[in-house]
Amino acid sequence: MVTAPRLPELQECLENSLRDAQGGIVGVSVQAQQRSGQSPGCSEQSRPCGVQRGRSGRVRPAGPGPCRPPSRRAGPWAERGGAGMAARAGRCCRAGLSCGALLSPALLSPAVLSRAPATPRWGRAAFSSAPAVSGREGPQAREGSVRRRGRTLQFVRSAAPPRTERMAVDQDWSSVYPTAAAFKPASVPLPIRMGYPVKGGVPPPKEGNLELIKIPNFLHLTPPAIKKHCAALKDFCTEWPSALDSDEKCEQHFPIEIETVDYVSSGTSIRNPKARVVTLRVKLSSLNLDDHAKKKLIKLVGERYCQETDVLTITTDRCPLRRQNYDYSMHLLTVLYHESWKTEKWESEKSEEDMEEYVWENSHSQKNALDTLLRIKASENVSNVTKEELLASEVVKNYRNSVIALKNEGETESNISQYKESVKKLLNIQA
Amino acid sequence: VQDRHSDNSHLALQAKHTEQHEGRLYNIPLEELSAVFPHGLPHRFQQQVLTFNEARVMVRKPALELLAYLKGSNFSHPAVRYVIYGERGTGKTMTLCHVVHYCSRQGWLVLHIPDAHLWVKNCKELLQSSYNKDRLDQPLQASVWLKNFKASNERFLQEIKTQKKYMWGKRECTEEGRPLREVVEQGLARVRSASDAVGVLLRELKQQSHRGSFRLLVAVDGVNALWGRSTLRKEDKSPVCPEELTLVHNLRKMLMNDWSGGAIVTTLSQTGSLFKPSSAYTPQELLGKEGFDALDPFVPIPVPNYSPKEFESCYGYYLERRWLQHEKGQGWGGKRGMRVLGLELVSSKWAKKLDKLNTDFCTHRDAQSFAVPSVSLQGPRTFPPCASGLISSVCPCTPRVST
């Protein structure tokens, strides 16, 4: 079949159209001019002139080739005059709308962007521009196309570019993620990869990445967002007292810290049983305790005391209400304080194993040292040396310190060498 | 290199080892070795003596330090306790043996307990002590030790006399004033009373040492066994505490510093110890609270790994004895190579690896196969990575490429 010569408008249209990498027509400049009567031959056509590109890439020129009967849809307009139609069609064209079955006489030169073999029977001409369609999509259905799969037809949605491409760098992020929400790859303009990497490759990208969606994210809690929260909450707050301008002053005036948590959730009830927990924190240095009282208190509280920070933490949750728990924790603190100041009768039975740190007085080490020194003195026939004298002597003091360091701090090279020197001096060993 | 290994035994005789001799190896004549060390040498060293047909001991700083203390000690004062400690394989037992050899050359009476751990584990026979109902006797261990003790201290056993009459059971007794040799022979003859014989021996020596007729050296290897736990069980399966053992009880008494006229040199040992982690090597860790309190105050003597100088000396000795062999002969920048590689190796551990290599080499040479023996360099201490490089280059078993 010999194809009919193309209309000059059509040819122009073809030349002006944007072509993509594969040479397929991507975009067409719609000329919204009213040209009337240019090709009367085509005016009878109730068919849009356009380029229909089938899957095979064949360009089927519409036009005076195979004359097709007017489409059903074009029915009512076909009888009308050409000029009116032209005007109407022109208006539509100017608007750039994609009309369904739009009669468009040859006056206009629309282009049908369709890669799929949109059959002329359906007469769907879509006036839509796809400015940047990546070749990645392949011979998939494009806008407004219809794919036939077997017997049924699927209207394939157009794949719009992700929102991230249109985001400004200085946009207001808290409006993108105002609340806690799942991770949306199209809304987060970050090139994140997550997951187990492909062999010899990299972790999968963020698009369709379940791992990123599963995990909790804090995109709704960026510092500017929190600033906004604070600004909103400020109306409900009072001024910070100006006299408390440093941590030490806060410690000094308010040594006890009470921590409570309030829970808000969307639901029918405002109650949350977790809200009754009260944590009381206090530094033992701010309590008036002597040595015995402090040791006793530490033994009484056990795990609740932290050696490094000297903080006692009492957590109460045994009462149903927060106020009750707070009262109970204060009561506990009071009781601990008073009890640790008391000395019971059985505390005198405290043995060496109970001691928190090594005490040299009345220890085996002291006994041994004294015995040895006494024997040395006896061998030198020096008598009348009392224990107190020996204990007060320099060498013994040195020895005592080294043993205490060895026992309390553990064995390090320096500790052991210090011990060695002190023993050598004690026993008067010369090299 | 040659002068390192010259026979410096005369220096040992005159006890003139000083710092200038550090790193050198001195020779102990083999007859003397069997006399002084019927027991007590480390197994690896014994093998080396058999292989090289000579006993060479390296003079090292901790031993020199100890010898200096012993030379300058006042024998009217109570005995000073020295505790040699260090990580595994650093040479604690060899240091102790050096000191024992020195003291025996000087004419001291050496009470050498080779390994106290042997007394608290793997004991087949435990008898109830006749002397004290609560204690347990170990006849086998006691008799073995008595035999070795007798071999090393014949002279003294003849000279020292008992001060008390001792009854061995109902009929036998040792009168006052008899030489100690009879006590020892009684223990050897009547194995049941061997532990008591050991106890008597220790008691007598302790009481008589202050007189000055002899100097007493108590050398205990693995002293932490005395205050640890034991794996022995009584007949009713209850565990035995070490103090319930007669031998341990008497030895503990010996280690107290309530006697004078000698010294006590002990070694801590994790190898062979019971219920102690392998990383423990410091005095408190191994002795525990009880042991520390019992030995306190003592002089701790740390024994480190080989210094570069000592390493070179040992390496040179092995080269000289043709124990290490290079393909390219001596000129392979042996020592220079060492310095380049910057190795710092453990004394006996490294020797173990090299020995294994060499034994493998000997077997392979016969088989004409040149497969590289797989040298397993595992151990509690990982070698520096260049060590494997060294050993594979030293190893003559690298396949000859020409074939």
Side-chain angles (χ1 to χ4, degrees), chain A residues 351-355 357-382 390 393 395-431, chain B residues 18-19 61-87 209-210 212 227 255-261 263-265 268 279-304:
Chain A
S351 66
E352 226 179 306
E353 288 90 22
D354 298 323
M355 297 286 180
E357 52 178 20
Y358 181 74
V359 170
W360 190 72
E361 283 69 31
N362 296 330
S363 70
H364 283 278
S365 176
Q366 183 193 22
K367 200 162 65 69
N368 290 350
L370 283 177
D371 288 342
T372 315
L373 282 174
L374 284 172
R375 272 182 226 132
I376 292 177
K377 300 289 179 215
S379 71
E380 288 168 0
N381 293 328
V382 176
L390 285 174
S393 63
V395 284
V396 174
K397 280 216 176 90
N398 209 5
Y399 172 72
R400 170 185 176 276
N401 292 338
S402 63
V403 172
I404 288 178
L406 201 62
K407 293 264 187 180
N408 279 341
E409 293 162 30
E411 282 171 316
T412 59
E413 288 302 311
S414 61
N415 273 355
I416 299 183
S417 54
Q418 191 190 4
Y419 174 75
K420 183 175 168 182
E421 295 307 313
S422 69
V423 168
K424 275 164 68 173
K425 282 202 197 82
L426 185 80
L427 302 177
N428 209 10
I429 301 171
Q430 284 109 15
Chain B
T18 53
E19 280 77 33
K61 228 198 218 106
L64 287 173
E65 194 186 337
L66 252 182
L67 295 182
Y69 292 149
L70 287 178
K71 275 182 235 181
S73 58
N74 186 340
F75 293 108
S76 54
H77 285 179
V80 182
R81 283 151 318 174
Y82 304 94
V83 173
I84 304 172
Y85 73 97
E87 292 180 6
S209 60
H210 70 94
W227 287 281
L255 293 177
M256 295 295 116
N257 63 347
D258 46 4
W259 54 277
S260 59
I264 304 171
V265 182
L268 296 178
S279 55
Y281 73 96
T282 51
Q284 274 213 298
E285 281 172 0
L286 285 176
L287 287 171
K289 189 178 160 315
E290 217 188 313
F292 189 88
D293 287 337
L295 281 181
D296 194 35
F298 61 86
V299 180
I301 296 182
V303 176

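If you measure heavy-atom distances from Asp258(B) to chain A, the contacts under 4.5 Å come from both the backbone and the side chain. Neither the backbone nor the side chain of Phe75(B) comes within contact range of chain A, judged by heavy atoms closer than 4.5 Å. At a 4.5 Å heavy-atom cutoff, the contact between Ile429(A) and chain B is made by side-chain atoms alone. Interface remark: Glu352(A) contributes side-chain atoms only to the contact with chain B (heavy atom separation under 4.5 Å). Residue contact with chain A, scored on non-hydrogen atoms closer than 4.5 Å, involves the side chain of Phe292(B) exclusively. Both the backbone and the side chain of Lys420(A) come within less than 4.5 Å of a heavy atom in chain B. Proximity to chain A (any heavy atom under 4.5 Å) is shown, for Ser73(B), by neither the backbone nor the side chain.
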Between Tyr281(B) and Glu285(B), does the side chain to side chain donor-acceptor pair (under 3.5 Å) criterion hold? Intermediate values first, please.
CA-CA 7 Å; Tyr281(B) 73 96; Glu285(B) 281 172 0; over 6 Å; no
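Judged by distance alone, with hydrogens and angles left aside, the side-chain atoms of Asn401(A) form no donor-acceptor pair with the main-chain N or O of Asn398(A) at under 3.5 Å.
The shortest non-hydrogen separation linking Asn257(B) to Ala79(B) is CB-O, 3.3 Å.
For the residue pair Thr282(B) / Gln284(B), no side-chain donor-acceptor distance below 3.5 Å is found, with atom types taken as modelled. For Glu290(B) and His364(A), the side-chain atoms include no donor-acceptor pair closer than 3.5 Å.
Listed by sequence position, Leu406(A), Lys407(A), Glu411(A), Glu413(A) are the residues of residues 406-413 of chain A in contact with chain B, using a 4.5 angstrom heavy-atom cutoff.
Per-residue heavy-atom pair counts under 4.5 Å with chain A were compared for Ser76(B), Gly72(B), Pro283(B), Ser260(B), and the maximum is reached by Pro283(B). With chain A as partner, the option from Asp296(B), Val80(B), Ile301(B) having the largest number of non-hydrogen pairs under 4.5 angstrom is Asp296(B).
By the salt bridge (Lys or Arg N to Asp or Glu O under 4.0 Å) test, Glu361(A) is found to be paired with Arg400(A), residues two or more places apart in sequence or in another chain being considered.
Between Trp360(A) and Tyr399(A), the ring planes lie perpendicular to each other; the angle is over 60°, past the 30° to 60° tilted range.
Summarising the geometry, atom CE belonging to Met256(B) is positioned 6.5 Å from atom CG belonging to Leu295(B); distances are rounded to the nearest 0.5 Å. The CG atom of Asp293(B) sits 7.0 Å away from the OG atom of Ser365(A) when rounded to the nearest 0.5 Å. Atoms CG and OG, from Leu427(A) and Ser422(A) in turn, are 9.0 Å apart once rounded to the nearest 0.5 Å.
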